[in-house]
Amino acid sequence: MKLLKPFFLLAVIALISALLFGCSKEGTPDKSAEAKPASTETKSASGETKNAGSAAALTIKHDLGETPVPSSPQKIVVLELGFIDALLDVGVKPTGVADDNKPNLIAAEVLKKIEGYTPVGTRAQPSLEKIKMLQPDLIIADTDRHKNAYAELSKIAPTIALKNLNANYEDTLKAALTVAEAVGKRSEMEKVIEAHKTKLKALQAKAPQGKPSVLLIGNTDSEIAVRSPEFFTSQLLMQFGYTYALKDASKYAATSTNANLTLEQLLEIDPDTIVLMSADSDKRDKEGSRPIQKDPLWKDLKAVKNKQVYEVDRYAWSLRRSVQGANVMIEQAENLLFAAK
């Protein structure tokens, strides 16, 4: 028995050591598992995609597909001017903007809010190199302008494509909601749109009786560029209470947004009201009139005879395709088009 005691003690000590070692190992994290990123994704019912080792991302449906966008993206590049307003409406400032290297295309009050942004080339051909240098976590592209560059843009950062260049009124509201959703602020945009519709409803109450016809005209130097009935501002004028005088742009030499008319063709349409969009580039004589305004046929137009021609800023009424752009037009229409009605 005396000989067995030392062996018994040694066995007890070995058993206790094994137990302590096992507990210690159980409490130690497996660093090899930590080092391996998860290769699977899970989606919640709301469309939220979660990747192990990265922030939750929301999968955004847009015109060119579905894109996982990082939660609350901070460095955003926009490739159409209307998307600037959509971001500002929910308290987000873009990092980069395709501004055609002409900051004056952007409304002065908007330009002040995005002071310090980086220009990334033209809207038609944004600079991929300049966009890369900004290391964005979201790019907002135009469906029609950038569909051919979409794959390259997507290699730089998550990219969503929405209508703005050829957007109608409803497209613009829809795009604004999608932009807000992509930055996690959809509810804020819903309030912005609700306030816009309240403003629009107040203007509709002042609309002229009988829904007079209206035509939106831009350039007049060689041919008369009339905006198509599908264009954002044309549809907004219809929301104001007008009917659009040009029913079918395809009858004329037309682009996606314009129908090019002669003065004789304009006289055939003969709208009740003309909204004439002007810019510094328009040719004018010493008296400030466009050459077309001196033509006898122009003076035969019903809108000219009845003094229903209203001149507005082309940038504000053509380039600013956004909810806030629409609000500016509502305010100007109330003070200009409907002032004496």
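Nothing here was measured: the structure is a model prediction, and the numbers come from that model. As a basis for the values below, the full set of heavy atoms in this structure was taken, side chains included, without hydrogen atoms, waters or symmetry mates.
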Checking side-chain contact (heavy atoms from CB on, under 4.5 Å) for the pair V192/V90: CA distance, chi angles, key distance, verdict? CA-CA 8 Å; V192 169; V90 294; 5.5 Å; no
Please report the C-alpha distance between D99 and Y117 in whole Å, then the side-chain angles of each, then the deciding distance to 0.1 Å, and finally whether the side chain to side chain donor-acceptor pair (under 3.5 Å) criterion is met. CA-CA 10 Å; D99 63 356; Y117 78 90; 2.5 Å; yes
side-chain contact (heavy atoms from CB on, under 4.5 Å) between Y242 and K211: does it pass, once the steps are laid out? CA-CA 5 Å; Y242 289 100; K211 289 196 170 185; over 6 Å; no
Show your working on side-chain contact (heavy atoms from CB on, under 4.5 Å) between I224 and I292 and close with a plain yes or no. CA-CA 9 Å; I224 301 167; I292 194 175; 3.5 Å; yes
Could you check S318 against R227 for side chain to side chain donor-acceptor pair (under 3.5 Å), going step by step and ending with a plain yes or no? CA-CA 9 Å; S318 185; R227 293 294 187 265; 3.0 Å; yes
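Of the charged side-chain nitrogens involved, at least one lies within less than 4.0 Å of a carboxylate oxygen, so that K155 and E152 count as a salt-bridged pair. Taking 4.0 Å as the cut-off between side-chain N and carboxylate O, E80 and R321 count as a salt-bridged pair. Salt bridge status for E190 with R186: present, with a side-chain N to carboxylate O gap under 4.0 Å. Under the 4.0 Å criterion applied to side-chain N and carboxylate O atoms, K163 and D142 are not assigned as salt-bridge partners.
Without hydrogens or angle criteria, T67 side chain to I60 main chain gives no donor-acceptor distance under 3.5 Å. A side-chain donor-acceptor contact under 3.5 Å links Q74 to the backbone of S72. Using modelled atom types, no side-chain atom of K206 and backbone atom of E334 make a donor-acceptor pair closer than 3.5 Å. Remark: side-chain polar atoms of Y315 are not paired, donor with acceptor, to backbone N or O of S278 under 3.5 angstrom. Checking side-chain atoms of Y244 against main-chain N and O of L216 turns up a donor-acceptor pair under 3.5 Å. With hydrogens and angles disregarded, no donor-acceptor distance shorter than 3.5 Å links the side chain of D272 to the backbone of P212. With S234 contributing its side chain and P229 its backbone, the two residues share no donor-acceptor pair below 3.5 Å. Side chain of E331 to backbone of V328: no donor-acceptor contact under 3.5 angstrom is found. The backbone N or O of Q239 lies less than 3.5 Å from a partner atom in the side chain of Q204, making a donor-acceptor pair. K112 places no side-chain N or O within donor-acceptor distance of the main-chain N or O of A107, the cut-off being under 3.5 Å.
A side-chain donor-acceptor contact under 3.5 Å links Q324 and D89. Side-chain contact annotation: D100 with T122, donor-acceptor N/O pair under 3.5 Å absent. Side chains of T178 and H62: a donor-acceptor N/O pair is absent below 3.5 angstrom, by distance only. Side-chain contact annotation: N164 with R145, donor-acceptor N/O pair under 3.5 Å absent.
Considering NZ of K247 and CD1 of I269, their distance stands at 10.5 Å, rounded to 0.5 Å. Of the inter-residue distances, the one linking R314 atom CZ with T233 atom OG1 reads 12.0 Å to the nearest 0.5 angstrom. Atom CD of E268 sits about 10.5 Å away from atom CG of L263, to the nearest 0.5 Å.
Cluster membership for L336 and I274, using ILVMFWY side-chain heavy atoms within less than 4.5 angstrom, is shared. In the hydrophobic cluster analysis, where Ile, Leu, Val, Met, Phe, Trp and Tyr join through side-chain heavy atoms closer than 4.5 angstrom, V120 is grouped apart from I76.
Side-chain contact between L337 and V275 is present, with at least one heavy-atom pair separated by less than 4.5 Å.
Between F232 and Y169, the angle of the ring planes stays under 30°, which puts this pair in the parallel group of the 30/60° scheme.
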